[in-house]
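Worksheet for the structure shown next.
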Amino acid sequence: MNIEEVLKGITRGAVDVISREELVKKLSSGRKLRVKFGADPSSPDLHIGHSVVLSKLRQFQDLGHTAVLIIGDFTAQIGDPSGKDATRPVLDHETVANNARTYTGQAFKVLDRDKTEIRFNSEWLKPFFASPAAGVSDFVNIAKSVTISQLLEREDFRARMKAGTPISLLEILYPIFQGYDSVAVKADIELGGQDQIFNLLMGRNMQKLSGQEQQAVMTMPLLPGTDGEKKMSKSYGNYVGLNDLPNEMFGKMMSVSDSLMCSYYELLTFEDLAAVKAEHPMEAKKKLAGLITARYHGGEQAQAARAHFEQVFSRKELPENMEIFRAEKAGKLSYLLVAAGLVKGMNEARRLIAQGAVRLDGEKVSADIIFEPKDCVLQVGRRQFRKIEKGA
RNA sequence: GGUUGGGUGACUGAGCGGUCAAAAGUAACGGUCUGUAAAACCGUCGGGCUACGCCCUACGAAGGUUCGAAUCCUUCCCCAACCA
């Protein structure tokens, strides 16, 4: 493969590449490159939005390069301001450690473990920024409790702002931490989401200051969430998690709008877009759901998820595996719903019955009848099933 | 440090002595429609009950004033804006 082809493949889908010349130079140097990707373990759940950048990282690995996965255990205690309109909560050590563990576990669903170097940035940031006297938590606490607006209110700062001179480093503290990571791991290339561009460029600055060769920077587009409006994020609840069960994953993919499906094809797969658009949307969506599910759970599971989907939703038949609940004595149906864990409370149970959401063996139940224990299937809404067995 | 304005249900945000389990929007959940599309429309949306009514717990925390408080007073905690 010549360099042209490599470059084409590696920059496919990228938003920014800074700079192309440097990237070419690095790629053609014959060296094993160190490709950095940093992640704050602020949330333990990775979703398919993260997979956009991770897949790109994987591409580098497949070319023989090393992925340097930085776990921002130190920076997680500060919170990346990128794309946020409010200060992030500060996490304690234990949470961060736990998150980091699950994080890497999920990341290796995409990355090649053997070509990945995992580093925790507290390794170098702690001694670098925290004096033994002040201690990390003191520093973090102070930085957390002083807001920018408070600082900028000061007259001398206002004057400086008016004069156009740069303000304190505090606001750009985070990018500096992240940038220093690049120095510490001697990154050749850094990948990130589109909203990371400022931070990534800071890495170049810091490396230059340290006399290192500057990393090339490449950003990937942000994946829209399943609502089709905001970016995919756990806090918006519009994500498809890498750890989602096959049926869940398949189902979530099926419920997105047609236009969103196209974006997903573009950002998550290598499929030919024109061909996709020519297909029936339903078929195309099933294919997409299958591709994604297969990626994280294997082809067999994906097949099963598709079969399940078609069975339960397309043909409205019963699913293969249902949770079993043993009913021992006669009682109100509403009580059975609560006991079987299908609803939160009695009121909700009654409401759902009144709304025609409850079925016994496929027959709508319109009143809160007395249920005599027997083997049957209890269904609430479209997707909640419970197999009822007569108790001993 | 000073001044002013705030803290309301999953979230945004009205209410400012009784008619308030608390408007409106979002989210969520059911239903109709369908490709579980999306959108739209209808309904529900603190908990419980012997249920067109009743009880309990709720409007930052703790007290108080009232027949009656999310609404007034006191103290405390937290936040924001502005001024130093």
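Quick caveat: nothing in here was measured; it's all calculated off a predicted structure.
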So A:Ser314, base contact, sugar-phosphate only, or nothing? Heavy-atom distance under 4.0 Å. sugar-phosphate
Which nucleotide, in any strand shown, forms a Watson-Crick or G-U wobble pair with B:rA22, with both distances under 3.5 Å? none
Name the nucleic acid region contacted by A:Met346, choosing base, sugar-phosphate or nothing; use a 4.0 angstrom heavy-atom cut-off, strictly under. sugar-phosphate
Looking only at side-chain atoms of A:Leu352, point me to the closest of B:rU36, B:rG30, B:rG35. B:rG30
Heavy-atom donor-acceptor pair, A:Asn347 side-chain to B:rG46 base, under 3.5 Å: no
Check the angle between the aromatic planes of A:Phe309 and A:Phe250 and answer parallel, tilted or perpendicular using the 30° and 60° thresholds. tilted
note: A:Lys252, atom NZ; B:rA28, atom P; distance rounded to Å ~ 12 Å
Which is true for A:Arg350 with a 4.0 Å heavy-atom rule: it touches a base, it touches only sugar-phosphate, or it touches nothing? base
Rounded distance in Å - NZ (A:Lys285) to P (B:rA38): 7 Å
Span that lies between the C1' atom of B:rC76 and that of B:rC82, in whole angstrom: 25 Å
What is the nucleic acid contact for A:Gly251, judged by heavy atoms within less than 4.0 Å: base, sugar-phosphate only, or nothing? base
Would you mind checking if A:Lys208 and A:Glu213 are paired as a salt bridge, meaning a charged N to carboxylate O distance below 4.0 Å? no
Are any of the side-chain nitrogens in A:Lys25 or A:Glu21 under 4.0 Å away from the carboxylate oxygens of its partner? no
I'd like to know if A:Lys32 pairs up with A:Glu117 as an ion pair, taking the criterion as any Lys NZ or Arg NE/NH1/NH2 lying under 4.0 Å from an Asp or Glu carboxylate oxygen. no
C1' atoms of B:rG43 and B:rG5, separation to the nearest Å: 39 Å
Per atom distances to the A:Lys332 side chain, the nearest of B:rG43, B:rU50, B:rG31 is B:rU50
Pairing check on B:rU71: which nucleotide meets the Watson-Crick or G-U wobble criteria with it, both distances under 3.5 Å? none
Residue A:Lys364, side-chain heavy atoms: nucleotide from B:rU36, B:rG31, B:rG35 that is nearest: B:rG31
